[in-house]
Amino acid sequence: MASDETQNKVIEPSSSDLLASAKLVANAAQSTLRNESDKVDKTKVADAAGDLLDAAGKYGKLDDQKGVGQYVDKAADYLHQYQDKAAAPSQPADSKPEESGGLGGLANLAGGFFKK
């Protein structure tokens, strides 16, 4: 049963992992400002930004069930699930896009950062 417990645990990034994530996001922002967004691995940057939001929620002791914490949690989940549209298979025409879940455009704003 000990293996079940280790499989269910979420591995939290270390401080050095968070620093590496922050550096990756900062370098991506600099590349975008230099109009070099084609050199940015958007999937890695989205995952790194999600790690940073997860850490902000944890260290800020935000409640993921109410208030700002729920939006931070949903935005982090969105970023962790982000896939570059060029690499991901296209969605069938008859399927509906997922609802934002009341994020108030936060997910759209975060997704807009990764558009070319």
Side-chain angles (χ1 to χ4, degrees):
M1 297 228 179
S3 63
D4 290 338
E5 290 176 13
T6 56
Q7 289 177 354
N8 292 336
K9 283 188 178 180
V10 176
I11 299 173
E12 294 182 15
S14 67
S15 296
S16 60
D17 290 339
L18 292 175
L19 187 59
S21 292
K23 183 177 179 181
L24 181 65
V25 171
N27 287 338
Q30 288 176 344
S31 293
T32 302
L33 289 173
R34 289 189 302 260
N35 292 323
E36 299 172 348
S37 61
D38 56 327
K39 296 179 182 178
V40 175
D41 185 348
K42 295 175 178 102
T43 304
K44 285 184 180 180
V45 173
D47 195 42
D51 288 343
L52 293 173
L53 283 176
D54 283 336
K58 177 188 169 205
Y59 292 116
K61 297 179 182 170
L62 301 176
D63 183 3
D64 63 346
Q65 300 298 318
K66 60 181 179 179
V68 174
Q70 70 181 356
Y71 298 114
V72 170
D73 188 49
K74 287 180 182 181
D77 290 343
Y78 172 82
L79 288 169
H80 284 301
Q81 295 172 1
Y82 177 84
Q83 293 180 356
D84 194 5
K85 291 179 179 145
S90 62
Q91 191 175 21
D94 62 341
S95 66
K96 294 181 181 178
E98 291 185 24
E99 296 293 322
S100 64
L103 289 178
L106 183 61
N108 292 334
L109 179 64
F113 175 75
F114 298 105
K115 291 183 181 177
K116 289 185 179 181

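Index from 1, following the sequence.
- Transitive grouping of hydrophobic side chains (ILVMFWY, heavy atoms separated by less than 4.5 Å) brings Val68 and Tyr78 into a common cluster.
- In this structure, the side chains of Asp51 and Asp17 stay at 4.5 Å or more apart for every pair of heavy atoms.
- Remark: Asp77 CG to Asp54 CG distance equals 7.0 Å, nearest 0.5 Å.
- Nearest heavy-atom pair, Ala48 versus Val25, reported as atom, atom and distance to 0.1 Å: CB-CG2, 4.0 Å.
- Taken from CG in Leu53 to NE2 in His80, the straight-line distance is 8.0 Å, to the nearest 0.5 Å.
- The distance from the OG atom of Ser31 to the CG atom of Asp41 is 11.5 Å, given to the nearest 0.5 Å.
- Thr32 and Ser37 get closest at one heavy-atom pair: OG1-CB, 4.2 Å.
- Contact detail for Gln65 and Gln70: the closest heavy-atom pair is O-OE1, 3.4 Å.
- Interatomic distance, Gln81 CD to Asp47 CG, rounded to the nearest 0.5 Å: 11.0 Å.
- Shown here for Leu79 and Ala49, the closest heavy-atom pair between the two residues is CD1-CB, 3.8 Å.
- Leu19 CG to Leu24 CG: the interatomic distance, rounded to the nearest 0.5 Å, is 11.5 Å.
- When all heavy atoms of Leu18 and Tyr59 are compared, the pair lying nearest together is CD1-CE1, 3.9 Å.
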